[in-house]
J.: 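Okay, handing you the structure first.
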Amino acid sequence: MEERKVRVRFAPSPTGPLHMGGVRTALFNYLFAKKNGGDFLLRIEDTDQTRFVKNAEAYIVESLKWCGIKVDEGIGVTPEGPYGPYRQSDRKPLYKQYAYQLIESGNAYFAFDTAEELAELRTKGEQTKVPFVYNHKTRMELCNSLTLSKEEVDRRLANGEQFVIRFKMPENQEVDLYDEIRKEVHFNTNELDDKVLYKSDGMPTYHLANVVDDYLMKITHVIRGEEWLSSMPLHVLLYRAFGWEDVMPKFAHLPLILKPQGQGKLSKRDGDKLGFPVFPLFWVGDDGETAQGYRENGYLPEAFVNMLALLGWNPGTEQEIFTMDELIQAFSLERVGKSGSRFDPEKTKWFNQQWIHRTDSKTLAEMFMKILKEKNISASMDYVVKVCDMIKERAVFVQDLWTNGYYFFEAPQSYEPKDVKKRWKDNASEKIQKTLEFLENESDYTSKVLEEKTMSFIATNEFNVGQICNCLRLAVVGACMGVHLFDIFEMIGKEETLNRVRKALQTIQVEE
RNA sequence: GGCGAGUUCGUAUAUCGGUUAGUACACAAGGUUUUCAUCCUUGUUAGAGCGGUUCGAUUCCGCUACUCGCUACCA
């Protein structure tokens with residue numbers, strides 16, 4: 001077979017916000033495509049009108065964009081590309097001919113059983129513990145073009161009666177499949193059923209639409225979640241039935257992402273319960289329901305992507321921090337694991353911390369500026385960059401820039417009682433009063449210079465360094481925390497430093 | 001119930017028949033820091049069970065157990 005350009009697709013259903021498991025599937029597709037010089041397409045599989053959610057598509061596009069996953073072709077790109085449209089509802093008329101083609105070749109048939117009839121058979125099956133399956137064993141006892149006369153079928157079709165088209169699953173056939181991650185997988189067609197390919201509303205089901213579109217869009221590799229492994233034989237059989245086996249894509253089924261604790265796959269509920277996001281972006285649905293997002297919770301997209309990449313894949317080296325380009329370089333399907341991975345919110349925080357440390361202060365400052373603006377604080381870019389330089393290594397989330405650096409922008413509004421109790425004693429007020437007088441007489445507030453002078457002042461007065469410094473810190477920060485004391489003095493300047501010390505002297509005296 | 005897939009420290013993973021089973025997160029104890037955080041050092045903890053194959057199995061095979069997925073006119 002001649003070399004085909006690698007083309008992969010991410011094909012989500014717009015049924016709600018895109019789950020982080022979905023983002024990972026998109027990411028792996030993207031990494032694989034870029035690693036192999038191929039294209040990454042985005043196709044929307046909106047064949048189920050009953051579950052369609054309006055904002056979902058825009059959410060998907062925005063999520064991928066935030067993550068730095070660039071779509072080469074399809075939804076969100078203008079022009080969309082040569083194989084469009086890329087929304088299955090817009091391709092609706094196209095599927096019918098393929099379904100009929102399968103009927104003509106004897107691989108599919110019309111079925112007229114109503115949903116109610118089938119539901120009844122299923123409940124009956126449950127009661128008798130013989131589950132009902134629409135397959136080679138039962139199809140000849142049901143209402144379809146295999147059991148009805150040709151005239152009757154034609155009559156029903158002409159009358160516009162509701163029908164579906166089902167795949168006629170061959171009997172007792174061994175299907176040997178090859179999955180890029182799981183290697184050989186075998187099925188016997190007797191275990192499979194006659195899946196609906198074309199629904200009574202004129203829409204294809206996932207199976208038909210997926211195969212037809214992948215064929216038409218010249219997809220070379222299908223990389224998707226493990227929940228699809230069971231339908232792989234159906235899909236391969238469909239390629240065979242259509243006579244497309246020579247251009248059938250290769251398949252790779254990704255392991256699932258599991259709950260941090262307990263059992264089952266990761267769900268929105270876990271996030272609510274354990275306090276971490278399950279979605280990349282904040283979501284608010286038509287029903288007013290909301291969901292937390294990594295972006296709004298202060299995660300950097302680099303960290304989110306980095307974490308996702310290492311969930312189910314590893315480079316085989318001890319490197320853990322990867323840029324997108326490094327991921328592309330290092331990625332291969334061979335190193336994707338077979339077993340489900342439990343999601344670890346703690347490790348995710350660690351990734352974010354690492355990325356905040358690595359992100360240059362100017363980028364951080366731009367994000368910090370937005371937080372400051374919300375608080376009606378104005379500061380120069382230069383100043384904010386300096387602050388970020390000093391505090392970024394103690395931040396885990398973007399918003400920590402504020403919680404760990406507010407004192408660069410405003411005076412403390414209270415003094416941590418525990419620290420006051422621990423430090424503001426043994427005539428602290430008296431000593432700080434003296435120190436204040438000393439500080440008032442100093443003019444050079446350069447960190448190094450002021451530190452040196454203050455230290456000798458403390459020495460000549462035989463004060464305790466720890467006490468004085470911590471009390472000053474309490475005055476300026478409001479708690480025993482934060483960066484180097486004299487760096488704070490330099491940053492906020494003499495005037496502000498003195499004001500804060502004076503205020504502390506008044507306030508804390510009262511509390512004492 | 002049936003079918004498919006999976007199973008290494010608490011978690012994510014390395015190992016591609018021979019290792020004191022490595023690393024990271026988390027946790028614990030020290031150190032650094034006038035504070036907090038960062039950072040550094042050290043430490044605890046792992047091959048589901050049972051049978052094979054083999055000179056030797058975490059690694060190969062089988063069985064059992066458990067977990068996950070599928071079993072819709074949902075994807």
J.: How is A/G264 classified with respect to the nucleic acid when contacts are heavy atoms under 4.0 Å: base, sugar-phosphate, or nothing?
T.: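 Sugar-phosphate contact only - A/G264 comes under 4.0 Å of backbone atoms but never of a base.
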
J.: Considering only B/A75, B/U35, B/A12, which nucleotide approaches the side chain of A/R423 most closely?
T.: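 Of B/A75, B/U35, B/A12, B/U35 is nearest to the side chain of A/R423.
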
J.: For A/T47, which contact category applies under a 4.0 Å heavy-atom criterion: base, sugar-phosphate, or nothing?
T.: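 Since only primed, P, OP1 and OP2 atoms lie under 4.0 Å of A/T47, the category is sugar-phosphate.
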
J.: Determine the contact category for A/S339: base if any of its heavy atoms lies under 4.0 Å from a base atom, sugar-phosphate if only primed atoms, P, OP1 or OP2 are that close, otherwise nothing.
T.: sugar-phosphate

J.: Do A/E174 and A/N188 get their side chains close enough for a donor-acceptor pair, meaning under 3.5 Å?
T.: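 The answer is yes; a qualifying pair exists.
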
J.: Does a side-chain N or O of A/R394 approach OP1 or OP2 of B/C36 to a distance below 4.0 Å, or not?
T.: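 A/R394 to B/C36 OP1/OP2: no side-chain N or O under 4.0 Å.
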
J.: Taking only side-chain nitrogens and oxygens of A/K199, does any of them come within less than 4.0 Å of OP1 or OP2 of B/C74?
T.: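 Yes, within the criterion.
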
J.: Can A/E180 and A/H253 be counted as having a side-chain donor-acceptor contact under 3.5 angstrom?
T.: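 There is no such pair (donor and acceptor under 3.5 Å, judged by atom type) between the side chains of A/E180 and A/H253.
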
J.: Determine the contact category for A/S13: base if any of its heavy atoms lies under 4.0 Å from a base atom, sugar-phosphate if only primed atoms, P, OP1 or OP2 are that close, otherwise nothing.
T.: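 Answer is sugar-phosphate: A/S13 comes under 4.0 Å of backbone atoms only.
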
J.: Which part of the nucleic acid, if any, lies within contact of A/V465, taking any heavy atom under 4.0 Å across all strands shown: a base, the sugar-phosphate backbone alone, or nothing?
T.: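 Touches a base.
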
J.: Select base, sugar-phosphate, or nothing to describe what A/G316 touches, counting heavy atoms under 4.0 Å on all strands.
T.: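 No contact at all - A/G316 keeps every heavy atom at 4.0 Å or more from the nucleic acid.
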
J.: Give one of base, sugar-phosphate or nothing for A/V477, where a contact means two heavy atoms less than 4.0 Å apart.
T.: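 A/V477: no heavy atom of the nucleic acid under 4.0 Å.
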
J.: Can a side chain N or O of A/R335 be found less than 4.0 Å away from OP1 or OP2 on B/U15?
T.: yes

J.: With a 4.0 Å limit, can you tell me whether A/S341 has a side-chain N or O closer than that to the phosphate oxygens OP1/OP2 of B/U11?
T.: no

J.: Applying a 4.0 Å non-hydrogen cut-off, can you work out what A/R342 is touching in the nucleic acid: base, sugar-phosphate, or nothing?
T.: sugar-phosphate

J.: Output the single nucleotide from B/C73, B/G69, B/A26 whose closest atom is nearest the side chain of A/E346.
T.: B/A26

J.: Would you mind reading off the distance between A/K338 atom NZ and B/G69 atom C1', rounded to a whole angstrom?
T.: 17 Å

